[in-house]
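Notes follow the structure.
Start at 1 and go down the list; that is how both ligands and their atoms are numbered.
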Amino acid sequence: MIEKLTGRSFLTLLNYTTEEIQKLLNLAGELKAKKHAGIVFEPLKGKNIVLLFEKDSTRTRCAFQAGGNDLGMNVTYLGPTGSQMGKKESIKDTARVLGRMYDGIEYRGYKQETVEILAEYSNVPVWNGLTDLYHPTQILADFLTIIEKFGNLKGINFSYFGDARNNMGNSLMIGAAKMGMNFTAVAPKELWPNEDLVKKCREIAKETNASINLTENVEEGAKSADVIYTDVWVSMGEPEHVWKERIDKLYPYQINKKVMELAGKDSIFMHCLPAFHNRDTIIGEDIYNKFNLPALEVTEEVFESSQSVVFDEAENRLHTIKAVMYATLGDDK
Ligand code: CP
Ligand code: NVA
């Protein structure tokens, strides 16, 4: 069933039906084709949006900024400092102020509750650009990429390696359940997704012929996978001291040549990015000095291989975020 998307917020994929997610993906494909053809398409000219970032970002921030500009809108960025939000002014009051000035609000930060309060009180569409719990716009980009590589989502064997309780693990599992995919979380038991969410996704899976599987066994998780996906082992906002414990737990789940060989030559490697695949970053070098590991969740060899589609995913952040903005702010979508 498809409800009208105009005026809706995009806070979690749980609030969108299979058909609505497919509609957003189709729209993203159309917007991508227009962009690649050099067609100027500014259906949201005259509108203003604001981007609220309590955490760092390259892709999400730039996709909302460039995407908003592409669609003809004016875009304001508010970073972790420089506004009153959360310090002198509550989220509820901030929502009511911004809703009087802007047509749409993007939020990246910590609590899912914050993005929900913004949506409840602003009276305009609010888009979740990542919270500790969910990262729904990333999943649209990932799924558009899978469709481009395999032609469909239904029946795709999707294996997620690493911290499966984080925003990416949660959102990918929900998305896979909604779209009829076979999702497998490959991780030590203590990093499996929350039981209630697994239960909810298994309920959804009954309707879509998806399956939700959890395993500690790398071979079982990699064998016959179409997609091997991983994310950072320590997410934004987590304390520094968890690095050691997380490395100890997740090193056996690193995506390396052996894992890709188990999956087979037709499989693809995906990562939402940023990734620790070499020592070319401040944190990468620091980890190397402390733990003597030149790469963490994925080796340089796999990251740079022809099976890696990470930069297609990154580009698709733009087209899918444009689709979300266009669908929720445009007329009668
Ligand atoms: N994947 C992703 O959300 O990247 P940024 O943190 O750069 O936005
Ligand atoms: N799990 C990661 C995703 C980054 C896009 C984080 O929250 O830092």
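- Salt bridge present: Lys55 and Asp132 bring a charged side-chain N and a carboxylate O closer than 4.0 Å.
- Where the criterion is an N or O separation shorter than 3.5 Å, residue side chain and backbone included, Pro274 fails it with respect to ligand 1.
- A parallel orientation is assigned to the rings of Phe303 and His277, their planes being inclined by less than 30° (bins at 30° and 60°).
- If you check which protein heavy atom lies closest to atom 7 (O) of ligand 2, you get Asn167 ND2, 2.9 Å.
- One finds a salt bridge joining Arg246 and Glu238 here, because a Lys/Arg side-chain nitrogen approaches an Asp/Glu carboxylate oxygen to under 4.0 Å.
- Residue contacts with ligand 1: Thr58 is placed with a nitrogen or oxygen under 3.5 Å of a nitrogen or oxygen of the ligand (distance criterion only).
- Given atom 4 (O) of ligand 1, the protein heavy atom at minimum distance is Arg59 NE, 2.8 Å.
- Residue Thr60 places no heavy atom under 4.0 Å from ligand 2.
- Counting heavy atoms closer than 4.0 Å to ligand 2, residue Val232 contributes side-chain atoms (C-beta onward) but none from N, CA, C or O.
- Listed by number with element, the atoms of ligand 1 under 4.0 Å from a non-hydrogen atom of Gln138 are 1 (N), 2 (C), 3 (O).
- Each of the following atoms of ligand 2 lies closer than 4.0 Å to a heavy atom of Met236: 6 (C), 7 (O), 8 (O).
- For Asn123, the side chain to side chain donor-acceptor pair (under 3.5 Å) criterion is met by no residue, not counting sequence neighbours.
- In this structure, Lys199 does not pair ionically with Asp196, as no charged nitrogen and carboxylate oxygen lie closer than 4.0 Å.
- Atom 6 (O) of ligand 1 has Arg108 NH1, 2.8 Å as its closest protein atom, hydrogens excluded (heavy atom only).
- At under 3.5 Å, not a single nitrogen or oxygen of His135, backbone or side chain, sits near a nitrogen or oxygen of ligand 2.
- Ligand 1 is approached by His135 to a heavy-atom distance shorter than 4.0 Å.
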Quick one: side chains of residues 161-170, donor-acceptor pairs under 3.5 Å with protein atoms, not counting sequence neighbours, listed by atom name and distance.
unit_1, atom_1, unit_2, atom_2, d
Asp163, OD1, Arg165, N, 3.2
Asp163, OD1, Arg165, NE, 2.9
Asp163, OD1, Arg165, NH2, 3.3
Asp163, OD2, Arg165, NH2, 3.1
Asn166, OD1, Tyr160, OH, 3.4
Asn166, OD1, Met168, N, 2.9
Asn166, OD1, Gly169, N, 2.9
Asn166, ND2, Asp231, OD2, 2.9
Asn167, ND2, Thr131, O, 3.0
Asn170, ND2, Leu133, O, 3.0
Asn170, ND2, Asn166, O, 3.4

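- Ion pairing between a basic and an acidic side chain is recognised when a charged N comes within 4.0 Å of a carboxylate O; Glu203 and Lys206 show such pairing.
- Between Leu130 and ligand 2, not a single N/O pair is under 3.5 Å apart.
- Every N/O-N/O distance between Arg108 and ligand 2 stays at or above 3.5 Å.
- Contacts between Leu273 and ligand 1 below 4.0 angstrom, taking non-hydrogen atoms only, involve the backbone exclusively.
- Summary of contacts: the protein heavy atom closest to atom 2 (C) of ligand 1 is Arg317 NH1, 3.3 Å.
- In this structure, Arg8 pairs ionically with Glu20, as a charged nitrogen and a carboxylate oxygen lie closer than 4.0 Å.
- Using cut-offs of 30° and 60° for the angle between ring planes, the Phe183 and Phe158 rings count as parallel.
- Heavy-atom contacts of Ser235 reach the following atoms of ligand 2: 1 (N), 2 (C), 6 (C), 7 (O), 8 (O) (cutoff under 4.0 Å).
- Contact atoms of ligand 2 toward Leu273: 5 (C) (distance under 4.0 Å to a heavy atom of the residue).
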Next item on the list: Could you go through the side chain to side chain donor-acceptor pair (under 3.5 Å) check for Thr94 and Gln84 one step at a time?
Entry: CA-CA 8 Å; Thr94 305; Gln84 312 281 18; over 6 Å; no
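- Ionic pairing of Glu19 and Lys23 is not present here: no N-O contact between side-chain nitrogen and carboxylate oxygen is shorter than 4.0 angstrom.
- Of the heavy atoms in Asp132, none comes closer than 4.0 Å to ligand 2.
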